[in-house]
K.L.:
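Handing you this structure, nothing more for now.
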Amino acid sequence: MQLSFAQTNVFTSSQIDSIVKIIDSTCVRAGISDGVIKNPETTETIGGFSYWYFTDSTKNHLVRVVDEQSAYSYDFTYYYFFEDKLINLFFKRGEETADKIKTTSIGKYYFQNDKLIYKDDEIDFSFDKSFYLKMAKGFLKDSMIWKTLAKPRLEILN
């Protein structure tokens, strides 16, 4: 199955799950951004973060971002995009125990046109969809920057 980027679709959660499986099996790593997390009161480093960007095989469309953060817990958030819109978000939080990381929160969220259409979660905090939509839009904006920067390099090679 090939993904199309020129039409507007309305999907069910099971159709979104199918798109996510296709993305997971065909996406290409495009870049990474990382840094440290500081306590705003003391400026002490308390953790770090990494954003992993993945494109479709043509490298023209951002399809997945993995957001890893560790400070007081280990948070992994997977953002999935279709037609430059967030369609799925998977969140997992873990806390370190003596010898392993124990999952404390997990959630899967489905979006259509920036609206939450379905959620399945067991989380210990209030899910703020506007925060995640803002993050997703930031990732898409980031992808426009590296696509623009990559274009002149490709023209030089051709």
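What you see is a predicted model; the values in this text were computed from it and never measured. Index from 1, following the sequence.
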K.L.:
By side-chain hydrogen bond (donor to acceptor under 3.5 Å, both in side chains), which residues pair with Tyr79, not counting sequence neighbours?
P.N.:
none
K.L.:
Restricting to salt bridge (charged side-chain N to carboxylate O under 4.0 Å, His left out), what partner residues turn up for Lys85, sequence neighbours left out?
P.N.:
Asp114
K.L.:
Taking salt bridge (charged side-chain N to carboxylate O under 4.0 Å, His left out) as the cut-off, I'd like each qualifying pair that reaches into residues 102-111, sequence neighbours left out, listed once.
P.N.:
Asp17-Lys108
K.L.:
Once ring pair (Phe, Tyr, Trp, His ring centres under 6.0 Å) is applied, do any residues pair with Tyr118, and if so which ones, sequence neighbours excluded?
P.N.:
Tyr110
K.L.:
For Thr103, which residues count as a side-chain hydrogen bond (donor to acceptor under 3.5 Å, both in side chains) partner, sequence neighbours excluded?
P.N.:
none
K.L.:
Please enumerate all residues that pass side-chain hydrogen bond (donor to acceptor under 3.5 Å, both in side chains) together with Asp128, with sequence neighbours excluded.
P.N.:
Ser130
K.L.:
Under 3.5 Å, sequence neighbours excluded: what are the donor-acceptor pairs made by side chains of residues 41-51?
P.N.:
{"residue": "Thr42", "atom": "OG1", "partner": "Glu44", "partner atom": "N", "Å": "3.2"}
{"residue": "Thr45", "atom": "OG1", "partner": "Lys38", "partner atom": "NZ", "Å": "3.3"}

K.L.:
Just jot down the side-chain hydrogen bond (donor to acceptor under 3.5 Å, both in side chains) partners of Ser105, sequence neighbours excluded, or say none.
P.N.:
Asp124
K.L.:
Could you list the residues that satisfy salt bridge (charged side-chain N to carboxylate O under 4.0 Å, His left out) with Asp67, not counting sequence neighbours?
P.N.:
none
K.L.:
My understanding is that only residues two or more places apart in sequence, or in another chain, count here; which of them pass side chain to side chain contact (heavy atoms under 4.5 Å, CB included) with Lys119?
P.N.:
Tyr109, Leu116, Asp121
K.L.:
If you look only at pairs with a residue in residues 21-30, which of them pass as a salt bridge (charged side-chain N to carboxylate O under 4.0 Å, His left out), with sequence neighbours excluded?
P.N.:
Asp24-Arg64
K.L.:
In terms of relative ring orientation, are Phe139 and Tyr53 parallel, tilted or perpendicular, with 30° and 60° separating the classes?
P.N.:
perpendicular
